[in-house]
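Have a look at the structure below, then the notes.
Quick caveat: nothing in here was measured; it's all calculated off a predicted structure.
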Amino acid sequence: MMKKSKSKPMTQILERLCRFEYITVVIFPEDVILNEPVDKWPLCDCLISFHSKGFPLDKAVSYAKVRNPLLINDLNMQYYIQDRREVYRILQEEGIDLPRYAVLNRDPDKPDECNLVEGEDHVEVNGEIFQKPFVEKPVCAEDHNVYIYYPTTAGGGSQRLFRKIGSRSSVYSPESCVRKTGSYIYEEFMPTDGTDVKVYTVGPDYAHAEARKSPALDGKVERDSEGKEVRYPVMLSAMEKLVARKVCLAFKQTVCGFDLLRANGHSYVCDVNGFSFVKNSMKYYDDCAKILGNIVMRELAPQFHIPWSIPTEAEDIPIVPTTSGTMMELRCVIAVIRHGDRTPKQKMKMEVRNPMFFDLFEKYGGYKTGKLKLKKPKQLQEVLDITRQLLVELGQHTDCEIEEKKSKLEQLKTVLEMYGHFSGINRKVQLTYLPHGKPKTSSEEEVIWPPCNIAILCLH
């Protein structure tokens, strides 16, 4: 319809499509679509056609059968997109997560499909129970009068959603009873963070996503200074990208929009809209036109013997218009940051030769690797006990065979006695066995060690 084909997003994309050397864009006049037979419609090799209010989808299907153009969006699948029951059935068959739901068909010819029992805070639809809050959707996708029913503990009533009118997208009603005429889908209400995620695909390998304030909140549409609905950029997870691919392929809609609800750590598809464009995104317009142009050329170039292959050049340099001419656009800044809030390491080293230290080394399996770390309070206490005993012996016999320096032993004792207890967090002892008697020296000084078995005791 003219409103769609002349819209800003469509105009922006078609202008970019025309930059392809062999592509010419023809817009079918609305009068021709509505009033002329399909054999009078313009000829084309590739058809972009999608259903919207008042559009004669049957005529478009007939045209495709007669002319057999390349279809960007499958036309027969657009019948299914108009029926929420079919949309949910296809999503379920593809293994795509969606809210738990049940269908209430009010068909006089199939009374067994209409079994509704309504309670104060729940409904039972064909044996399936839905506690409030739950959602009631008309089966016709063109009907946007979706109701959410609240439990009595939340004040009861219902939130009535509708297609945006001015600054409103829903209104609260004190009515708590479900509708008694028409067919509906009843589904579990998904608790989100107050936003709906809108996803737009251009082929199975491209998806753009943005979030908007959910109409279920207070019904007031959030708009910017230019009067446009505020949208927030969204990064899709790997699983959500796979969902976008599945939706695009399942409904055979190259350009396709659908809604995601992020709740309870999962993403659920709650609506598939078919042909939809992102608004006010030059990057999206560029990408969309490039992908569509490449699809058309890849499929039709061989047929018309056009020498063409998909360009493999690097991504175009992002140039944006400014008040002072064109400038490169900064797309992102990537930073790897580490905080500098570190306590300096406090370490003391000493040479030990007493057999009691070697006994400790052997007791805890130090000889297996040549290294030993002692962190447990019991282990640290053993080191402290050895230190105290050696200091006592040094104090009683100045000529005893204790080779450790008294000053080092006193320093070791002081450190181990800090805080009055061992937590095993702020202190540890490391013992390193040096069988050749000469450890690695630092670049700053040369240390000559006696050629004997020693251990190094380190305290942090």
Side-chain angles (χ1 to χ4, degrees), residues 77 79-162 170 172-194 196-197 199 214-217 239-240 243 246-247 250-251 258-274:
M77 288 300 294
Y79 288 111
Y80 293 114
I81 292 175
Q82 295 177 60
D83 190 325
R84 287 192 173 97
R85 292 167 296 191
E86 293 298 321
V87 169
Y88 275 35
R89 176 185 63 80
I90 294 169
L91 290 172
Q92 208 161 33
E93 287 176 356
E94 293 297 321
I96 297 169
D97 287 340
L98 61 158
R100 183 174 66 89
Y101 76 99
V103 178
L104 182 74
N105 284 318
R106 286 195 170 96
D107 186 343
D109 299 327
K110 299 177 182 177
D112 57 317
E113 293 183 13
C114 182
N115 186 1
L116 176 70
V117 178
E118 184 173 10
E120 185 178 41
D121 271 337
H122 77 279
V123 288
E124 184 177 331
V125 182
N126 298 326
E128 190 88 22
I129 295 175
F130 295 88
Q131 297 290 342
K132 292 181 180 179
F134 60 76
V135 185
E136 179 186 63
K137 296 179 177 178
V139 295
C140 175
E142 293 294 308
D143 188 344
H144 297 278
N145 294 293
V146 175
Y147 291 3
I148 300 169
Y149 294 91
Y150 300 123
T152 52
T153 54
S158 55
Q159 192 76 17
R160 302 192 170 188
L161 282 60
F162 43 79
S170 74
Y172 175 77
S173 168
E175 181 58 61
S176 295
C177 296
V178 300
R179 288 171 275 191
K180 299 300 187 291
T181 58
S183 297
Y184 300 94
I185 287 178
Y186 289 89
E187 70 179 49
E188 199 171 7
F189 178 79
M190 308 305 294
T192 65
D193 61 355
D196 294 342
V197 178
V199 183
S214 172
L217 285 180
M239 189 58 69
E240 289 169 336
V243 168
K246 283 184 175 181
V247 170
F251 291 89
F258 65 93
D259 295 349
L260 274 178
L261 297 176
R262 288 173 166 174
N264 304 321
H266 293 280
S267 296
Y268 304 86
V269 177
C270 65
D271 195 14
V272 177
N273 305 308

Please find the pair of heavy atoms, one from [X] and one from [Y], that lie closest to each other, and give the distance.
| X | Y | value |
| --- | --- | --- |
| E187 | C270 | OE2-CB, 4.5 Å |
| V178 | Y149 | CA-OH, 3.3 Å |
| E118 | S176 | OE2-O, 3.7 Å |
| K246 | G95 | NZ-O, 4.3 Å |
| P151 | K132 | N-CB, 3.6 Å |
| P215 | L161 | CG-CD2, 3.8 Å |

Next on the checklist: Is there a side chain to side chain contact (heavy atoms under 4.5 Å, CB included) between V247 and L91? Walk through the geometry before answering.
Outcome noted: CA-CA 7 Å; V247 170; L91 290 172; 4.2 Å; yes
State, yes or no, whether a side-chain contact exists between [X] and [Y] at a heavy-atom distance under 4.5 Å.
| X | Y | value |
| --- | --- | --- |
| E86 | Y79 | no |
| P191 | N264 | yes |
| V125 | Y184 | no |
| I81 | N273 | no |
| V197 | R262 | yes |
| R179 | N145 | yes |
| E136 | L104 | no |
| Y101 | R84 | no |

Which distance, rounded to the nearest 0.5 Å, do you find between the [atom1] of [X] and the [atom2] of [Y]?
| X | Y | atom1 | atom2 | result |
| --- | --- | --- | --- | --- |
| I90 | M77 | CD1 | CE | 3.5 Å |
| L261 | E188 | CG | CD | 11.5 Å |
| F162 | S170 | CZ | OG | 6.0 Å |
| F134 | Y147 | CZ | OH | 13.0 Å |
| L260 | E240 | CG | CD | 5.5 Å |

Item to check | side chain to side chain contact (heavy atoms under 4.5 Å, CB included) between V269 and D259, worked out | outcome: CA-CA 6 Å; V269 177; D259 295 349; over 6 Å; no
Has [X] got a side-chain atom pairing as donor or acceptor with [Y]'s backbone, closer than 3.5 angstrom?
| X | Y | value |
| --- | --- | --- |
| N126 | N115 | yes |
| R106 | S183 | no |
| S158 | R160 | no |

Next on the checklist: Going by the rule salt bridge (charged side-chain N to carboxylate O under 4.0 Å, His left out), which residues pair with E128 if we only count those two or more places apart in sequence or in a different chain?
Outcome noted: R100
Next on the checklist: Would you say that more than 12 heavy atoms from the other residues, nucleotides or ligands in this model lie under 6.0 Å from the NZ of K180, or not?
Outcome noted: yes
Checklist entry - With a cut-off of 6.0 Å (strictly less than), are more than 12 heavy atoms of other residues, nucleotides or ligands near OH of Y80? => result no
Checklist entry - Checking side chain to side chain contact (heavy atoms under 4.5 Å, CB included) for the pair Y172/Y150: CA distance, chi angles, key distance, verdict? => result CA-CA 10 Å; Y172 175 77; Y150 300 123; 4.0 Å; yes
Item to check | Stepwise side chain to side chain contact (heavy atoms under 4.5 Å, CB included) test for H266 and M239 | outcome: CA-CA 9 Å; H266 293 280; M239 189 58 69; over 6 Å; no
